[in-house]
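None of these values were measured; they are calculated from a predicted model. Here is the naming used below: chain letters follow the sequence lines, and residue numbers restart at 1 for every chain.
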Amino acid sequence: MSEISNKLIKLIKNSLHEIYNLELSEESIMIEIPKDTSHGDYSTNIAMRLAKELHKSPREIASGLEDSFKATDFIEKVENAGPGFINFYLKKDSITGIIKTIILEEDSYGKNNFGNIEKVMVEYVSANPTGDLHLGHARGAAYGDTLTRILSFSGYNVLREYYVNDAGNQIETLGNSLFERYKEALGLPFDLSKIGYQGKDVLKLAQGIAKEDGDKWVNDDSDERKDYFKRVGTKLELDKIKVDLDLYRVSFDHYQSELELYRTGKVKNALSELEKSPYTYEQDGALWLKTTDFNDDKDRVLVKSDGSLTYLTPDIAYHKDKFDRGYDHLINIFGADHHGYMARLRAGLKILGYDDNKLEFRIIQIVRLMENGQEVKMSKRTGNAVTIRELCEDVGVDVARYFFISKPIISHLDFDLTLARKQSSENPVYYIQYAYARMNSILSKQSDYEIKDSYQLLNNEKEISLLKHLASFKDTLIDVCKIKEVNILANYAYKLAQLFHSYYNEFKVIDPENIELTKERLALVKSCKICLKNVLNLLGVEAKESM
RNA sequence: GUCCCCUUAGCUCAGUUGGAUAGAGCGUUUGGCUACGAACCAAAAGGUCAUGGGUUCGAAUCCUAUAGGGGACGCCA
């Protein structure tokens, strides 16, 4: 909560207690900044919300509260308006007070303890290590990365995790591909039909092995040889993914290997616990989990009739392990194609006795790449799906990240390449970065602002709007934490840029004729710059001093 | 067939515990650099919030039905 809205909420809470003998939580009291400034600096709808409970009309309730509000030192005027809104007009110095806070806190401005050091694990991307990351991953990566940055900034103890599926069929294929390429590299006959992954780097890696180890593996059909090729192949692919993620400014604290869950017996353990529950049964030679008892549309197989496991089994084990590692809250960021997966995973965890309310899914809707109004299905260069790397090389990391982040994940997204390539106001990233460059430009000309409790000369409408927006930064971050939609912060950045551009065009900051005013305005510009920089850092977009 | 998501200005989209006159950008029309960066700003025009019903002081927002669009439904991962 920003200082001001926090103060107002406390005030309202106390007044309600005093006058109507009501005990309300601070959470249930809403404060907002009215769009129309003639409705005050801040307003609340609390009187309307309580009308039923108190059996009084909203306006009656509001006027009952009014007197107690007037007794404070930071409110100029209170109005009872419309159907029952209470509008607050603040004294000017309580609004300008935010400048001092921002300048003193600097990089920490906006940091808050909403998360209360709760341990939360966020899993995202988790693409199979068998190829490059494509656009769907790009959206999930940008979203997950920004979300975790914001959660950390808001007092959560966050672990960012990538689950590496290094144990399934696709890894088998990868290992085989590598082995055949290895034979090819040695000039021996090889089976092209066994090469599922055609990438050049697989051949390159195979050539490396051939050089290093010679023909020692050629006639080796042991598991040891197979594991070796799988492991080396997986590492190659995962390293490539890491390079691309790094380029995209996305990083993880931990890569969890699926294979390791097998090795450490965690999969076996989870399976035997499931078998002990009353929710498994055998049918057609397979072992089933009765997920239909937990809102799934059909039961799911845990152990196939050939004795191997389905994907679900290690996945339940994985999530059990997440809880066992001590996380209070798990957030899984999945692509839309996985949505059917939620019910069975929840079911598995419930059966094992975990609280599935602590498992939260965020589903990312699909991305379409558009160019000149047409859908781009394949990369022109490679003929395959467009990768993160290609996208970043085409439009830049800042633009790519911002485009993904700026829309709610719930809706389908058309990524418009034509627009993204434009370096103009049509492209919101440049618009925001330009505002930052302007702030910097002013401050590099003159920067002798003063730090003080209030700035009496900042009193035009645009300055007040800017100040109120700056003060609402913390509230915005908390909103993101609550509903986990990071586009709110992107909108915040855009709005800040908009307010600043508008201010810049109407008022001159540096005025040699008016030194006092200049100093105060410079302090405002300085706070805007600090705030915007912090926002951009959270979005993973570069704050450029000049463009 | 079952389930999930979407439908807001000509176009692309915001609008989040239900609130005051539904907002931006693009496009269209107009105006602003002898001024701290015009990659900017100011103004105008543009709406049956897919449609019908319901809930209530109040609905783009919640419920319900219908239409249209997208996606998921394996002893694949």
Side-chain angles (χ1 to χ4, degrees), chain A residues 27-28 30 32 34-36 38-39 43-45 48-49 51-52 57-58 81-85 87 128 130 165 167-171 258 283-288 295-298 300-312 314-315 335-343 363 365-366 368 370 373 406-414 416 419 422-431 433-435 437-446 479-480 482-485 487-488 490-491 494-495 497-498 500-512 518 521-522 525 546-547:
Chain A
E27 287 235 323
S28 59
M30 249 178 86
E32 60 174 17
K35 280 172 266 178
D36 186 339
S38 70
H39 293 141
S43 87
T44 182
N45 60 2
M48 288 178 284
R49 300 178 67 102
K52 223 172 213 175
S57 79
F85 288 99
N87 299 335
N128 290 342
T130 52
N165 291 118
N169 289 336
Q170 74 283 52
I171 299 299
E258 180 184 0
Q283 190 182 305
D284 305 327
L287 184 71
W288 294 73
N295 277 329
D296 200 0
D297 20 336
K298 52 184 93 162
R300 308 290 167 178
V301 171
L302 290 171
V303 184
K304 298 184 230 172
S305 51
D306 68 1
S308 65
L309 303 179
T310 61
Y311 181 76
L312 178 62
D315 225 45
D337 53 341
H338 278 68
H339 98 263
Y341 210 72
M342 298 187 286
I363 299 295
Q365 290 299 328
I366 55 164
R368 278 198 312 173
M370 306 295 284
S406 61
K407 304 279 180 263
I409 54 166
I410 200 168
S411 53
H412 300 190
L413 175 70
D414 284 347
D416 185 342
L419 173 58
K422 281 190 191 165
Q423 301 201 2
S424 73
S425 61
E426 289 176 62
N427 189 329
V429 188
Y430 290 102
Y431 182 82
Q433 288 181 320
Y434 183 48
R438 273 183 156 175
M439 293 168 194
N440 182 60
S441 173
I442 294 172
L443 290 164
S444 64
K445 284 209 159 51
Q446 196 178 333
D479 285 345
V480 174
K482 282 183 187 159
I483 65 175
K484 316 244 171 14
E485 278 292 8
N487 74 302
I488 297 177
N491 292 347
Y494 191 81
K495 176 87 179 180
Q498 205 168 35
F500 184 78
H501 281 310
S502 174
Y503 175 58
Y504 178 94
N505 271 277
E506 188 169 340
F507 299 97
K508 212 163 176 249
V509 173
I510 297 170
D511 179 1
T518 299
R521 286 184 171 169
L522 284 170
V525 174
S546 65
M547 303 181 61

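For the OP1/OP2 pair of rG37(B) and a distance below 4.0 Å, the side-chain nitrogens and oxygens of Y431(A) include no atom meeting the criterion. Within the 4.0 Å cut-off from OP1 or OP2 of rA39(B), at least one side-chain nitrogen or oxygen of Y434(A) is found. Taking side-chain N and O atoms only, T130(A) has no distance below 4.0 Å to OP1 or OP2 of rA77(B). Between rA38(B) and Y504(A), a contact under 4.0 Å exists linking OP1 or OP2 to a side-chain N or O. For the OP1/OP2 pair of rU17(B) and a distance below 4.0 Å, the side-chain nitrogens and oxygens of S28(A) include no atom meeting the criterion. For R300(A), no side-chain nitrogen or oxygen approaches OP1 or OP2 of rG74(B) to under 4.0 Å. Here K298(A) does not reach the OP1 or OP2 of rG1(B): none of its side-chain N or O atoms lies under 4.0 Å away.
Residue A437(A) places its side chain closer to rG37(B) than to any other of rA77(B), rA14(B), rG37(B). The side chain of S411(A) has rA14(B) as its nearest neighbour among rA14(B), rC75(B), rC36(B). Candidate nucleotides rA77(B), rA39(B), rG37(B) were compared by shortest atom distance to the side chain of Y311(A), and rA77(B) ranks first. Here the side chain of N505(A) is nearest to one of rG71(B), rA14(B), rG32(B), namely rG32(B). Closest to the side chain of I366(A), out of rC13(B), rG71(B), rG37(B), is rG71(B). Listed candidates were rU16(B), rA72(B), rA39(B). Nearest to the side chain of D337(A) is rA72(B). Listed nucleotides: rC75(B), rU16(B), rC13(B). Nearest to the side chain of D284(A): rC75(B). Picking from rU17(B), rC36(B), rA42(B) the nucleotide with the shortest atom distance to the side chain of V509(A) gives rC36(B). Of the listed nucleotides (rG37(B), rA72(B), rA20(B)), rA20(B) has the atom at the smallest distance from the side chain of S43(A). In this structure, the nucleotide among rA77(B), rA24(B), rC36(B) sitting nearest to the side chain of Q170(A) is rA77(B).
Comparing the C1' positions of rA14(B) and rC73(B) gives a spacing of 33 Å, expressed to the nearest Å. On the C1' atoms, rA22(B) is 11 Å away from rA9(B), given to the nearest whole Å. Rounded to whole Å, the P atom of rG18(B) lies 12 Å from the corresponding atom of rU61(B). Nucleotides rC41(B) and rC4(B) have their P atoms positioned 43 Å apart, rounded to a whole Å. Between rC57(B) and rA43(B), the distance separating the two C1' atoms is 37 Å to the nearest Å. A distance of about 27 Å separates the P atoms of rC63(B) and rC11(B), rounded to the whole Å. If you take atom C1' in rC49(B) and the same atom in rU21(B), they sit 15 Å apart, rounded to whole Å. Using atom C1' as the reference point in both rA38(B) and rU34(B), the two lie 15 Å apart (nearest Å).
In this structure, the CG atom of N427(A) is 15 Å from the C1' atom of rA24(B), given to the nearest Å. We find that NZ of K482(A) is positioned 8 Å from C1' of rU17(B), with the value rounded to whole Å. Atom-to-atom, NZ of K495(A) to C1' of rC13(B) comes out at 16 Å; the value is rounded to the nearest Å. In this structure, N487(A) atom CG and rC13(B) atom C1' are separated by 11 Å, rounded to whole Å. What separates CG of N295(A) from C1' of rU2(B) is a distance of 14 Å, to the nearest Å. Put simply, CE on M342(A) is 9 Å from P on rC4(B), counting in whole angstrom units. Taking atom NZ on K508(A) and atom C1' on rA38(B), their separation rounds to 16 Å, with Å as the unit. One interatomic measurement links the two molecules: NE2 of H412(A) to P of rA72(B), which rounds to 10 Å at whole-angstrom precision.
Look at rU29(B): its Watson-Crick or wobble partner, with both distances under 3.5 angstrom, is rA43(B). Across all strands shown, rU64(B) forms a Watson-Crick or G-U wobble pair with rG52(B), both key distances being under 3.5 Å. Look at rU17(B): it lacks any Watson-Crick or wobble partner with both distances under 3.5 angstrom.
The closest side-chain heavy-atom distance from T310(A) to K304(A) is below 4.5 Å.
Between P34(A) and A286(A), it is P34(A) whose nearest contact on RNA chain B lies nearer the 5' terminus. Between N45(A) and L309(A), the one whose closest nucleotide on RNA chain B sits nearer the 5' end is N45(A).
Within 6.0 Å of CG on D337(A) lie more than 12 heavy atoms contributed by other residues, nucleotides or ligands.
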Run K407(A) and N487(A) through side-chain contact (heavy atoms from CB on, under 4.5 Å) and show every step you take. CA-CA 5 Å; K407(A) 304 279 180 263; N487(A) 74 302; 5.6 Å; no
Evaluate the criterion side-chain contact (heavy atoms from CB on, under 4.5 Å) for residue pair L312(A) and L302(A); output intermediate values, then yes/no. CA-CA 7 Å; L312(A) 178 62; L302(A) 290 171; 4.3 Å; yes
Tell me, with the steps shown, if V509(A) and L522(A) meet side-chain contact (heavy atoms from CB on, under 4.5 Å). CA-CA 7 Å; V509(A) 173; L522(A) 284 170; 3.9 Å; yes
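Side-chain atoms of T310(A) and base atoms of rA77(B) include no donor and acceptor less than 3.5 Å apart. Counting atom types as modelled, D297(A) pairs no side-chain N or O with a base atom of rA72(B) as donor and acceptor under 3.5 Å. A donor-acceptor contact under 3.5 angstrom links the side-chain atoms of S305(A) to the base of rC75(B).
A donor-acceptor pair under 3.5 Å links the side-chain atoms of T518(A) to the main chain of D511(A), judged by distance alone. Distance alone, capped at 3.5 Å, is enough to place a donor-acceptor pair between the D306(A) side chain and the S308(A) backbone.
Taken from CD1 in I442(A) to OH in Y504(A), the straight-line distance is 5.5 Å, to the nearest 0.5 Å.
Within the nucleic acid shown, Q498(A) comes within 4.0 Å of sugar-phosphate atoms alone, with no base atom in reach, counting heavy atoms only. S502(A) comes within 4.0 angstrom of sugar-phosphate atoms only, judged by non-hydrogen atoms across all strands, and of no base. I410(A) comes within 4.0 angstrom of sugar-phosphate atoms only, judged by non-hydrogen atoms across all strands, and of no base. Residue F500(A) is out of contact with every strand shown, counting any heavy-atom pair closer than 4.0 Å. Using a 4.0 Å heavy-atom distance criterion, S546(A) is classed as a base contact.
By the criterion of a centre-to-centre distance under 5.5 Å and near-parallel planes under 30°, the ring of H339(A) forms no stack with the base of rG71(B).
Applying the side chain to side chain contact (heavy atoms under 4.5 Å, CB included) criterion to D416(A), with sequence neighbours excluded, gives T418(A), L419(A). For the side-chain hydrogen bond (donor to acceptor under 3.5 Å, both in side chains) test, residues two or more places apart in sequence or in another chain that qualify with H501(A) are R438(A).
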